[in-house]
There are 4 protein chains.
Amino acid sequence: MAGRNPDKEGRRQAILQAALQVFARKGYEPATLEAVAREAGLAKGTLYLYFKNKEDLYFHTAVHVLESLQDSILEKSRRCSGALDRLRATALGQFDFFVRHRDTLQMLAAFSHPGLARLHKRLLAAMMEKWAGHLQRITGLVEEGQRAGAIRPDIPPGHIALAFTGMASQVAQVLVGFPLAKSAATASGPQAGQPRESAEVMADTMMRILVEGVMQR
Amino acid sequence: MAGRNPDKEGRRQAILQAALQVFARKGYEPATLEAVAREAGLAKGTLYLYFKNKEDLYFHTAVHVLESLQDSILEKSRRCSGALDRLRATALGQFDFFVRHRDTLQMLAAFSHPGLARLHKRLLAAMMEKWAGHLQRITGLVEEGQRAGAIRPDIPPGHIALAFTGMASQVAQVLVGFPLAKSAATASGPQAGQPRESAEVMADTMMRILVEGVMQR
Amino acid sequence: MAGRNPDKEGRRQAILQAALQVFARKGYEPATLEAVAREAGLAKGTLYLYFKNKEDLYFHTAVHVLESLQDSILEKSRRCSGALDRLRATALGQFDFFVRHRDTLQMLAAFSHPGLARLHKRLLAAMMEKWAGHLQRITGLVEEGQRAGAIRPDIPPGHIALAFTGMASQVAQVLVGFPLAKSAATASGPQAGQPRESAEVMADTMMRILVEGVMQR
Amino acid sequence: MAGRNPDKEGRRQAILQAALQVFARKGYEPATLEAVAREAGLAKGTLYLYFKNKEDLYFHTAVHVLESLQDSILEKSRRCSGALDRLRATALGQFDFFVRHRDTLQMLAAFSHPGLARLHKRLLAAMMEKWAGHLQRITGLVEEGQRAGAIRPDIPPGHIALAFTGMASQVAQVLVGFPLAKSAATASGPQAGQPRESAEVMADTMMRILVEGVMQR
DNA sequence: CATGAATGAGCCTTCATTCAT
DNA sequence: TATGAATGAAGGCTCATTCAT
């Protein structure tokens with residue numbers, strides 16, 4: 001799957017890595033190709049031999065990132081059986097990944113950047129596909145759980161998947177230390193919660209809320 | 001005894017409205033003051049009579065937006081009693097607001113813009129304060145529920161608040177029709193959920209998940 | 001010579017005073033009419049009731065300043081008799097004035113501002129006239145000294161006047177503390193001169209150099 | 001292996017030349033980088049590849065100018081021996097240089113521009129150093145003259161240097177034909193001096209005044 | 001007369017993109 | 001293939017000037 005030139009693909013990967021760093025650090029608009037090139041140890045013009053333009057680079061980076069994320073999650077969740085365990089593993093995989101590559105989360109935060117709305121269809125579709133795949137897997141796990149009788153069937157699986165991803169991304173932000181999310185976890189007043197738990201503890205707590213609910217029984 | 005249009009406060013509001021539109025449509029960096037001025041029906045230079053610079057305008061817009069959001073939520077939740085009902089009302093208030101002002105959600109999406117990191121302390125603090133206030137209120141409701149015996153006490157209220165806001169913002173995105181979030185709700189395959197529920201239905205579902213959990217009993 | 005309205009002339013003077021401060025502090029281009037208005041305690045628009053525009057204001061200020069300078073010098077020199085004493089008094093008057101109104105010197109420093117080249121003929125002429133008057137007086141004093149046998153006649157009086165004004169303005173800059181001129185006086189190394197003499201001492205020294213020359217006899 | 005035009009130093013010099021023209025013609029503030037770029041036959045953005053910003057360009061231009069001036073003077077004065085001859089050569093070198101590069105004098109006139117006050121320390125220091133060096137050389141020549149018994153020792157060398165530079169700059173302005181200075185030389189009435197002498201004659205006259213004084217003996 | 005809100009031309013500066021080498 | 005110098009469009013911001021009140 002690599003280019004003719006043995007180094008071609010390596011260069012491409014180097015650029016993607018550099019772009020991830022820079023886009024994560026700066027966001028889409030403020031990131032400069034100059035910075036990407038410097039980070040990659042290449043000249044600015046060289047980037048254009050591998051990517052059509054800034055937008056193109058951005059989206060290939062995004063796709064690349066989503067692929068890594070998915071790989072990381074899949075690897076963790078494949079080792080488990082049972083829908084709930086797999087969901088927990090999915091959450092944990094996500095947290096782990098973000099904690100280890102916090103740039104990635106920042107990068108993904110820029111996805112909603114409206115300036116990217118008018119993007120090349122194909123690239124946007126590729127991103128969508130990756131992301132949708134992620135969600136589909138989760139929805140699939142929920143359905144599996146419903147069929148197996150572990151998850152209540154009276155709520156559409158899509159909605160449960162939504163709840164799951166919502167919680168998970170919020171928790172991920174706390175774990176990574178995003179300012180606004182952090183203030184959430186710290187805002188609880190006198191007997192405040194302990195925000196800086198480990199990824200594992202947070203994944204557990206999250207799953208307990210999702211699975212058992214918060215109602216007192 | 002005054003200049004051409006002495007209605008300074010009205011102008012200010014008009015500019016904030018225009019800025020909200022533009023920032024929501026474009027995000028922070030790509031938004032041009034030219035566009036804001038055009039939207040407000042004013043000349044570019046006039047903006048500088050009301051706001052120190054782009055950053056200043058952005059943050060006043062953000063604070064303004066957060067205030068409206070809070071007002072909208074508080075108004076709805078004050079009419080309820082009981083922690084759970086208030087949480088439901090909070091979610092519903094948030095959904096309603098975002099559905100009616102979908103620009104606001106897009107605007108808030110730009111919060112994580114790294115270009116805004118090195119901001120004027122006072123303004124950043126104001127934003128944080130608004131947002132932290134929102135989260136604190138939710139944490140407070142959870143604590144209240146725990147004290148009243150409606151919510152299980154073995155999970156820190158901060159974590160529950162996190163779960164709540166995570167779900168709520170994800171659902172809000174679906175309701176507003178964000179591309180990525182939408183694909184989530186649609187990705188569930190053949191027997192997929194019905195994403196375009198009303199705000200009320202979604203709030204209910206969300207609360208059911210949060211309160212009762214997804215476990216089959 | 002005042003306007004109809006008894007305050008009209010007072011206002012005008014106030015504006016000129018304010019303009020002097022601001023032009024001296026900032027120079028021509030960086031000085032803003034806003035600053036002048038603030039200094040004068042008036043609204044920006046009001047300036048335009050008294051002066052056609054910024055350039056006009058600048059030149060009226062300049063003329064005004066030159067008039068004050070001339071008055072101050074004439075007053076001092078009229079009390080002396082003899083060409084050399086009058087020259088000394090002229091120098092002293094100039095130094096005194098600048099020391100008391102160091103803004104004026106800074107203001108005059110902006111005269112050579114090339115951006116002012118394309119000025120209204122009449123105003124430029126007025127400035128020239130004032131300045132030329134000053135020089136003519138000095139040349140006149142030199143001629144008088146030559147006729148009286150106090151000053152050697154073999155050097156054209158214009159050249160001597162030139163030497164006089166050159167020295168005088170340089171000394172004035174030192175007295176006022178201009179950075180570049182100051183470095184001149186301080187640059188003399190180990191047994192350096194004492195730059196911060198009084199105006200009187202400097203005037204004396206200057207006259208000694210001019211009159212007697214620096215040659216060892 | 002290089003970009004479009006690898007002759008970086010040549011370009012840099014070309015820009016400095018263009019900047020000299022423009023700054024001299026317009027002064028600091030009114031000079032536009034657009035004009036500099038046009039004069040240099042480059043695009044506006046290109047300037048920023050060679051200089052950090054307008055201020056930076058200005059100061060490098062100034063330093064460059066002062067260096068040329070110093071070179072020109074030193075070359076002339078090194079060929080002479082004896083303090084007085086060297087001073088004369090210094091004046092002559094200065095006049096010659098200014099007559100040949102009248103932009104330089106105009107450029108130097110912009111030194112007092114207050115907008116330049118808050119400058120980068122290093123650059124300001126560089127300018128000061130050049131200028132102080134010039135003054136120090138003159139003071140040194142005076143001291144040498146005093147030690148050799150050619151110059152009276154009862155006047156501090158710094159003051160004599162001041163007188164020298166004052167005269168010299170005034171004369172230079174006349175020679176270059178500055179409007180205000182010109183009017184000085186022309187203002188002497190009927191038997192007026194002949195202002196447009198050659199640089200050599202003016203240097204001689206100046207030195208005669210400085211050395212012998214204007215007193216009739 | 002006085003005001004000061006509004007205007008908009010113009011400037012500095014950045015940066016994606018091109019292209020000669 | 002790689003480079004990096006050059007480009008020029010575009011944006012934020014200032015401020016002289018106007019004019020409705």
Side-chain angles (χ1 to χ4, degrees), chain A residues 3-5 7-8 11 29-38 41-58, chain B residues 1-8 11 29-37 40-57, chain C residues 3-5 7-8 11 29-38 41-57, chain D residues 1-8 11-12 29-37 40-57:
Chain A
R4 274 152 298 214
N5 187 316
D7 259 25
K8 191 89 195 272
R11 276 274 213 283
E29 281 272 351
T32 69
L33 293 189
E34 174 65 38
V36 173
R38 205 181 317 120
L42 295 172
K44 219 179 352 169
T46 308
L47 302 184
Y48 285 83
L49 299 177
Y50 293 86
F51 299 94
K52 214 175 74 230
N53 53 29
K54 189 182 183 182
E55 237 174 58
D56 192 41
L57 174 58
Y58 179 79
Chain B
M1 202 188 265
R4 212 132 41 178
N5 185 340
D7 182 12
K8 299 240 348 170
R11 272 290 155 87
E29 282 271 355
T32 71
L33 293 191
E34 175 65 38
V36 174
L42 295 171
K44 222 183 341 172
T46 307
L47 303 184
Y48 288 84
L49 298 179
Y50 294 85
F51 299 94
K52 216 170 74 241
N53 51 31
K54 189 181 183 180
E55 228 174 69
D56 191 41
L57 175 58
Chain C
R4 274 153 299 213
N5 187 316
D7 259 26
K8 190 87 197 269
R11 276 273 214 284
E29 281 272 352
T32 69
L33 293 190
E34 175 65 40
V36 173
R38 204 182 318 120
L42 295 172
K44 219 181 347 171
T46 308
L47 303 183
Y48 285 83
L49 299 176
Y50 293 85
F51 299 95
K52 214 174 74 230
N53 53 28
K54 189 181 182 180
E55 234 173 61
D56 191 42
L57 174 59
Chain D
M1 201 188 267
R4 214 132 39 179
N5 185 341
D7 181 11
K8 299 241 350 171
R11 272 288 153 88
R12 211 187 127 92
E29 282 270 353
T32 72
L33 293 191
E34 174 65 40
V36 174
L42 294 171
K44 222 182 341 173
T46 307
L47 302 184
Y48 287 84
L49 299 178
Y50 294 85
F51 299 94
K52 216 169 74 243
N53 52 30
K54 189 181 183 180
E55 227 173 71
D56 192 41
L57 175 58

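This structure is a prediction, so every number in the text was calculated from the model and none was measured. The sequence lines fix the lettering, A, B, ..., with proteins before strands; numbering per chain opens at 1.
Residue B/Asp56 contributes atom CG, which lies 14 Å from atom P of F/dG12 at whole-angstrom precision. To the nearest angstrom, P of F/dT3 lies 9 Å from CG of A/Leu49. Atom CG of B/Asp7 is separated from atom P of F/dT21 by 13 Å (rounded to the nearest Å). Distance D/Leu57 CG to E/dC11 P: 16 Å, rounded to the nearest Å. Rounded to whole Å, the distance from CG on A/Leu42 to P on E/dT17 is 17 Å. We find that CZ of B/Phe51 is positioned 13 Å from P of F/dC13, with the value rounded to whole Å. The separation between C/Leu47 atom CG and F/dC15 atom P is 15 Å, rounded to whole Å. If you measure from atom NZ of B/Lys8 to atom C1' of E/dT3, you get 13 Å, rounded to the nearest angstrom.
C/Tyr48 is linked by a ring-ring contact (aromatic ring centres under 6.0 Å, His included) to nothing, counting only residues two or more places apart in sequence or in another chain. Scanning for salt bridge (Lys or Arg N to Asp or Glu O under 4.0 Å) contacts around A/Lys44 gives A/Glu34, with sequence neighbours left out. By the ring-ring contact (aromatic ring centres under 6.0 Å, His included) test, A/Tyr50 is found to be paired with no residue, residues two or more places apart in sequence or in another chain being considered.
Between C/Asn53 atom CG and C/Leu33 atom CG the span is 8.5 Å, to the nearest 0.5 Å. Here the straight-line distance linking atom CG of D/Leu49 with atom NZ of D/Lys8 works out to 6.5 Å at 0.5 Å rounding.
Under 4.0 angstrom from either OP1 or OP2 of E/dC1 there lies no side-chain N or O belonging to C/Arg11. Side-chain nitrogen and oxygen atoms of B/Tyr50 include at least one within less than 4.0 Å of the OP1 or OP2 phosphate oxygen of E/dA6.
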Using nucleotides 14-16 of chain E, report all nitrogen or oxygen pairs with the protein that are shorter than 3.5 Å.
from	atom 1	to	atom 2	distance (Å)
E/dA16	OP1	A/Ala31	O	3.2
E/dA16	OP1	A/Lys54	NZ	3.1
E/dA16	OP2	A/Leu33	N	2.9

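DNA chain F contains the following stems of three or more consecutive Watson-Crick or G-U pairs, with both distances under 3.5 Å: E:2-21 with F:2-21.
With contacts defined as side-chain heavy-atom distances shorter than 4.5 Å, the pair C/Val36/C/Lys54 does not qualify.
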